[in-house]
Amino acid sequence: MKKLKKGSEGKTMALSGHLRELRNRLLVCVICLTAVFTVSLYFAGDIVELLTDIGKAYGYSYVYISPQELLLEHFSVALVASLCVSLPLILYQLWAFIRPGLKKRENVFAVLAMCFGLVCFAGGVYFAYRLMLPFMLEFLIGITEGTYISAAISVHNYISFLLTIFVIFGVVFELPVVSVLLTQLGLIKVEWMKKARKAIIVVIFFVAAVITPPDIVSQIMVAVPMLLLYEFSIILCWLLMKIRRRRDEKEEKAEAKA
């Protein structure tokens, strides 16, 4: 009974230690977010100007409807910027918290997945910024040509539109990371992804039609990268599964010899 009591106390101490570590890591994230938000708020005007300059090149002019709207946009832009800048640290704190419970290979996989995920998301945002937004903005402002209707675009609506497009394409470009995670967890198989290729093509073109203006060029510009990402996901998952099978076979042979 005495031995059991010590074991119970040890478990309690271990749980309290984990909770203390979680609290400390959350505190680091909050402090980092607060500091970066303060700095971002100082540059919020420059960020808003940078975003609105994208539309100005296509003849957009902006208004704010309520007295506090522009000020609130500065806060929202600063918050988004602080989240983006702090995301690597937040992911590191998450990985450092779960690292003791992972094996060496799982640790390496987790680090690679987070780094690759960040790169993919940044690639999606850059793709939207450089290629998609110019087409979208030019098409949407062109609707008013030849009419008596003039655009009076709210700063809030415009910036919300831009941030939504950035998030959509950032998430879309996460397809390889999500596919690899699901295959490694055994929730999907590469064979399923290959068999579902025709259905996925239809879904991709439907999604492209929803998130882009009714312009065939814009839809193709969105659908083609998504198709390439899907094919890349299949190849990447196949390679990783092949490596995993070879490693498992070597381990089984080593255990059989032992």
Side-chain angles (χ1 to χ4, degrees), residues 19 21-58 60-98 110-111 113-137 140-141 151-175 177-178 181 207 210-212 222:
L19 292 175
E21 182 186 2
L22 179 62
R23 181 197 63 191
N24 292 338
R25 295 194 181 281
L26 288 174
L27 184 61
V28 170
C29 293
V30 170
I31 292 173
C32 177
L33 278 171
T34 304
V36 177
F37 175 77
T38 304
V39 176
S40 300
L41 193 59
Y42 179 78
F43 294 101
D46 297 328
I47 300 174
V48 170
E49 185 176 356
L50 176 66
L51 294 175
T52 53
D53 282 345
I54 302 173
K56 283 181 181 178
Y58 301 98
Y60 281 75
S61 58
Y62 312 100
V63 298
Y64 59 92
I65 300 172
S66 59
Q68 76 279 11
E69 181 177 333
L70 187 58
L71 178 62
L72 292 177
E73 283 309 302
H74 283 202
F75 277 97
S76 62
V77 166
L79 180 60
V80 172
S82 62
L83 286 172
C84 293
V85 174
S86 303
L87 187 59
L89 177 66
I90 295 173
L91 290 177
Y92 169 77
Q93 294 296 329
L94 174 63
W95 170 74
F97 179 71
I98 65 175
V111 172
M114 286 189 292
C115 294
F116 190 51
L118 288 173
V119 171
C120 289
F121 190 86
V125 172
Y126 184 77
F127 175 81
Y129 173 75
R130 295 294 297 178
L131 294 177
M132 286 312 306
L133 276 178
F135 275 94
M136 289 183 176
L137 293 175
L140 293 173
I141 197 66
I153 300 168
S154 166
V155 174
H156 169 72
N157 291 334
Y158 172 79
I159 293 179
S160 297
F161 170 75
L162 259 60
L163 294 179
T164 302
I165 295 299
F166 288 151
V167 171
I168 287 174
F169 281 91
V171 171
V172 166
F173 272 62
E174 293 290 331
L175 180 60
V177 181
V178 174
L181 288 175
V207 172
V210 170
I211 66 176
T212 60
V222 174

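Only heavy atoms go into these numbers, but all of them, side chains included; no hydrogens, no water, no symmetry mates.
More than 12 heavy atoms of other residues, nucleotides or ligands lie within 6.0 Å of NE2 in His74, so this atom counts as buried by the packing criterion. Residue Phe97 places its CZ atom among more than 12 non-hydrogen atoms of other residues, nucleotides or ligands, all under 6.0 Å distant.
In plain terms, the two heavy atoms of Arg130 and Pro134 that are nearest each other are O-CG, 3.6 Å. In terms of heavy-atom proximity, Gln93 sits nearest to Val28 at NE2-CG1, 3.7 Å. Across all non-hydrogen atoms, the minimal contact from Ile54 to Tyr158 is CB-OH, 3.7 Å. For the residue pair Val177 and Phe116, the shortest heavy atom distance occurs at CG2-CD2, 3.5 Å. Listed here is the closest heavy atom pair of Ala113 and Leu181: CB-CD2, 4.4 Å.
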Tabulate below the donor-acceptor pairs under 3.5 Å that side-chain atoms of residues 34-51 make, not counting sequence neighbours, or state none.
residue: Thr34; atom: OG1; partner: Val30; partner atom: O; Å: 2.7
residue: Thr38; atom: OG1; partner: Thr34; partner atom: O; Å: 2.8
residue: Ser40; atom: OG; partner: Val36; partner atom: O; Å: 2.8

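Atoms CD1 and OG1, on Ile159 and Thr164 in that order, are 11.5 Å from each other to the nearest 0.5 Å. The CZ atom of Phe127 sits 10.5 Å away from atom CG of Leu133, with the distance rounded to the nearest 0.5 Å. Expressed to the nearest 0.5 Å, how far CD1 of Ile141 lies from CE of Met136 amounts to 15.5 Å. Atom CZ of Arg25 is separated from atom CH2 of Trp95 by 9.5 Å, given to the nearest 0.5 angstrom. Expressed to the nearest 0.5 Å, how far OG of Ser66 lies from CG of Leu71 amounts to 10.0 Å. To the nearest 0.5 Å, atom OH of residue Tyr64 and atom CG of residue Leu72 are 12.0 Å apart.
The one candidate from Leu79, Leu89, Leu87, Leu83 that meets the side chain to side chain contact (heavy atoms under 4.5 Å, CB included) condition with Leu33 is Leu83.
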Practice problem: Could you walk me through whether Ile31 and Leu27 pass side chain to side chain contact (heavy atoms under 4.5 Å, CB included), step by step? | Solution: CA-CA 6 Å; Ile31 292 173; Leu27 184 61; 3.9 Å; yes
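The aromatic rings of Tyr62 and Tyr60 sit parallel to each other, their planes meeting at less than 30°, with 60° as the upper class boundary.
Proximity of a side-chain donor or acceptor of Ser160 to a complementary backbone N or O of Asn157 within less than 3.5 Å is not detected.
With sequence neighbours left out, the salt bridge (Lys or Arg N to Asp or Glu O under 4.0 Å) criterion links Glu69 to no other residue.
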